[in-house]
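So you know, we letter chains A, B, ... as the sequences are listed, proteins then strands, and number each from 1. Hydrogens, waters and symmetry mates play no part in the numbers below; they use all other heavy atoms, side chains included. In this text, all values refer to a predicted model and were calculated from it rather than measured experimentally.
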There are 2 protein chains.
Amino acid sequence: MTRWPLPEPMRLALAEAARAANEGEVPIGAVIVKNGDVIAAAHNRTRQLPDPTAHAELLAIRHAAETLQQERLDGCELWVTLEPCAMCAGAIAHARIARVYYAAPDPKGGGVEHGARVFEQAQCLHRPEVYAGMGEAEAAGLLRDFFRARR
Amino acid sequence: MTRWPLPEPMRLALAEAARAANEGEVPIGAVIVKNGDVIAAAHNRTRQLPDPTAHAELLAIRHAAETLQQERLDGCELWVTLEPCAMCAGAIAHARIARVYYAAPDPKGGGVEHGARVFEQAQCLHRPEVYAGMGEAEAAGLLRDFFRARR
């Protein structure tokens, strides 16, 4: 059986996640696409910087805003390997990201379909379209291998 | 009648908020204190940078982590003029901030006592002590004047 190939942005996000693991960071990667072009790619760097806010999504959003020289990333897509946490979901809403694609759900730390459910709150001023599940096995595998090796 | 003076960190946070207004940014300020010393002070800079994540709390947390060269701000206090949004509440939890003092509640955008209620979720791995209300009139006044002038 041949699996349908993952979309290019998700493959890039997974490559970013693998890069994080090689650097001793929790393997999560994110990519931002505008009009079909990748304008930012990042992975978790909380330990290296050190910066507790340096999640893949937040770094990618900051980079994209700097690149475009605008606070709002209207029309942009964010592709990320794990369900965003409450912090990152909030950042996605502030950035006006149009669509979010995430690979694996995160029952323990997610803030989209779990816990804070940031986009479902009346206080959320922008709700992106959300698509989940593409690349879930690959994304979850990277995380599992990373934490297994550290036990 | 003489009002009880505000604690020094909240006065500094209000001064940061006033600075933001002078720069055309939404007037919100934040200060981080460790062992009685101010180790970071910041105000909203989303427009100037531009960076949709550049809320006062997030900038203060990043600055404090860089100063201390550690990802976790154990034992630190965050003083901020407005109830943190979901993004900032998430960042506060990731940073392991011990205590949060905020001046004004934010029914429209807050994520602590409103909306996402980030610290009340099972997915929140660290719950700071939260104290609200000190300096509320001053903080809300700065915001009201700012938005009134822009209408």
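- Criterion: ILVMFWY side-chain heavy atoms under 4.5 Å apart, direct or through other members. Under it, B:Leu6 and B:Val80 are not part of a common hydrophobic cluster.
- Contact of A:Arg47 with chain B is made through backbone and side chain together, with heavy-atom distances under 4.5 Å.
- Enclosure of atom CD in B:Glu8 by more than 12 non-hydrogen atoms of other residues, nucleotides or ligands within 6.0 angstrom is indicated.
- Side-chain atoms of B:Gln123 come within 3.5 Å of backbone N or O of A:Pro107 as a donor-acceptor pair.
- Here the shortest heavy-atom pairing between B:Asp51 and A:Glu71 reads C-CG, 4.4 Å.
- Of the possible polar contacts, none joining the B:Gln69 side chain to the A:Pro50 backbone as a donor-acceptor pair under 3.5 Å is found.
- In the hydrophobic clustering of ILVMFWY residues, with side-chain heavy atoms under 4.5 Å counting as a link, B:Phe119 and B:Ile97 come out together.
- Hydrophobic clustering (side-chain heavy atoms under 4.5 Å, transitive across Ile, Leu, Val, Met, Phe, Trp, Tyr) groups B:Val112 together with B:Leu73.
- Heavy atoms closer than 4.5 Å to chain B are found nowhere in A:His63, neither backbone nor side chain.
- For CG of A:Asn35, the number of neighbouring non-hydrogen atoms (other residues, nucleotides, ligands) closer than 6.0 Å is 12 at most.
- Shown here is B:Arg96, whose CZ atom has more than 12 heavy atoms of other residues, nucleotides or ligands within 6.0 Å.
- Proximity to chain B (any heavy atom under 4.5 Å) is shown, for A:Ala89, by neither the backbone nor the side chain.
- Heavy-atom pairs under 4.5 Å with chain A were tallied for B:Gly90, B:Ala93, B:Cys124; the largest tally goes to B:Gly90.
- Between chain B and the residues A:Gly109, A:Ala116, A:Ala65, A:Ala122, the largest count of heavy-atom pairs under 4.5 Å involves A:Ala116.
- Atom NE2 of B:His114 is separated from atom CD of A:Gln121 by 12.0 Å, given to the nearest 0.5 angstrom.
- Around CD of A:Glu129, the count of heavy atoms belonging to other residues, nucleotides or ligands within 6.0 Å exceeds 12.
- In this structure, A:Leu49 CG and B:Arg62 CZ are separated by 9.0 Å, a value rounded to the nearest 0.5 Å.
- Transitive grouping of hydrophobic side chains (ILVMFWY, heavy atoms separated by less than 4.5 Å) keeps A:Leu82 and A:Tyr131 in distinct clusters.
- When heavy atoms are compared at a cutoff of 4.5 Å, A:Thr53 approaches chain B solely by way of its side chain, counted from C-beta outward.
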